[in-house]
Amino acid sequence: MDSLNSLLDGFGTALTPMNLLWAAIGVLLGTAIGVLPGIGPAMAVALLLPVTYGLDPTGAFIMFAGIYYGAMFGGSTTSILLNTPGESAAVVAAIEGNPMAKAGRGAQALAAAAIGHFAGGMIGTILLVALAPTVASLAIGIGAPDYFAIMVLAFIAVTSVLGASRIRGLASLLIGLTIGLVGLDQMTGQQRLTFGSLQLADGVDVVIVAVGLFAIGEALWVAAHLRRTTGEPIPVGRPWLGRSDLRRTWKPWLRGPLIGFPFGAIPAGGAEIPTFLSYVTEKRLSKHRAQFGKGAIEGVAGPESAASASAAGTLVSMLTLGLPTTAVAAVMLAAFQQYGIQPGPLLFEREPELVWGLIASLFVGMVLLLALNLPLAPVWAKLLRIPRPYLYAGILFFAAVGAYAVGGESLDLVILLIIGLIGFGMRRYGLPVLPAVIGVILGPAAEQQLRRALQISDGSVTGLVNTPFSVTVYAIVALILAWPLVYRMVVVRRRNGRKEGGKTGAVSGG
């Protein structure tokens, strides 16, 4: 009942005319930028972060919520129409959505994605309302060793799940941790990696890191591989679903959140895993298995619902523990820090109006997203006609303006370019970007919690594992690290068993 009353107060905040306007602008901008090829929610939020500087915190985060969900839908739009996923979570939508578009059913695929986002977001946000206060109340008793263990879990999970290999994920994490070291030591006041520059004493702003790695790195990568021809968008008709489509999609819409939300709430790499699991689940349960790979609408509805619910799940760990489990959550955490607000167990007590206004705005944003994007789907398709040179020139311009707006220092532009070149190099050698952003965000906090835990235990390493919670978390970390080795051993034994069985059968037959 307390959560319900707080949510009603949050609706009172979210439904004021100005906050409604910010939510609508966020949904519109997020979708418009997310619908462009190669731009996912993380880059959209990073690019639009400077736009919110003049707003009060509540209005800014309500706008962020709209940008977040709008950009997620935009990534699905490019995935369906051009087979160019705007983000990794939209990859699965291309498997069935693009064949539907080529068959002239792109409108139905977009509608299934839009309604899937709506259903998944609504169910996920309801679960957020139900679980977040409980998680926050339990998190108050968590100490420095427990927080450090959770951050180690976040580091290991993100580097293990993303990228072509664990080594590349770890390399990306080390790049982020190194950037996070720049500035003054929080405990001793000594300068680290500042190269004698007073402007670097405060460290590298997380917004500059996010914009550099995502926007600048992507723009340089596209420029290096730019082709003169651009993909032509497929015409989109009226986005209506027939009765047969509704019969095939309503169950996937409801099943998606059950898979997506738990994966979003834990440090497991975001929406990539649950979207694939949802796709596999729908393929097994469908009565139209022969259509999969050729344009099965269930393969769009389920994964998109799971992705939206996963986005709501990421807010649980970010708001209650201060842990970003996706790149977008990392950028939003940076936005919280810009306003001097630290997400964590006490956030619900210190900033109740902000938190519950943000959660209520998620419901409002879902409705606005559905109302705007169903009729505007043909408009988003026309945006794809923008030539890529103009598109990425605009991205570079807004990125530079946003970086300069952070501190008003020309050095910020130099740092932005350097980090952009690092982002380009990471793409060149297949290093995932998310672990680096997580390293910049969580690195300083993890170092601080580690040193606190060691101070409490007089320098004894056993102080890091002196609570049941930390022991449990490290056991999960060990399981994540050992699982690939165990899996390979099981597969090898099965193969050897089959070979021996085959030889025995051949001998007996001979």
Side-chain angles (χ1 to χ4, degrees), residues 25-26 28-55 60 63-64 67-68 70-71 74 86-87 175-176 179-180 182-183 193-195 197-226 327-328 330-335 337-339 383 386-428 433-434 436-437 440-441:
I25 292 174
L28 198 62
L29 286 176
T31 310
I33 292 183
V35 81
L36 300 172
I39 301 179
M43 192 190 299
V45 173
L47 281 171
L48 295 172
L49 181 58
V51 178
T52 63
Y53 279 168
L55 304 179
M63 186 175 174
F64 264 126
I67 292 171
Y68 190 1
E87 53 154 345
I175 290 173
I179 296 173
V182 176
L193 302 179
T194 59
F195 305 101
S197 173
L198 290 176
Q199 292 173 315
L200 288 176
D202 291 333
V204 181
D205 195 281
V206 180
V207 177
I208 295 176
V209 175
V211 173
L213 289 178
F214 284 105
I216 305 297
E218 181 69 20
L220 293 176
W221 177 254
V222 171
H225 299 80
L226 192 63
V328 185
V331 178
M332 289 185 72
L333 182 58
Q337 293 174 351
Q338 289 291 323
Y339 286 98
L383 286 177
I386 298 175
R388 283 195 172 187
Y390 300 115
L391 170 63
Y392 283 94
I395 290 174
L396 289 173
F397 172 76
F398 284 112
V401 171
Y404 187 77
V406 171
E409 299 285 347
S410 57
L411 181 63
D412 291 338
L413 296 177
V414 177
I415 295 172
L416 179 71
L417 178 59
I418 293 173
I419 293 177
L421 291 173
I422 293 173
F424 173 78
M426 291 173 68
R427 285 165 173 79
R428 168 65 179 82
V433 177
L434 176 58
V437 179
V440 174
I441 291 281

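Owing to the predicted nature of the structure, the values given are computational and were not obtained by experimental measurement. These values consider heavy atoms only, across backbone and side chains, with no hydrogens, waters or symmetry-generated copies.
The shortest side-chain heavy-atom distance between I419 and I216 does not fall under the 4.5 Å cut-off. Residues M63 and L29 are in side-chain contact: their nearest non-hydrogen atoms beyond the backbone lie under 4.5 Å apart.
Between the CD1 atom in I418 and the CG atom in L411 there is a gap of 8.0 Å [rounded to 0.5 Å].
Nearest heavy atom pair, residue R427 against residue W221, reads CD-CB, 3.8 Å.
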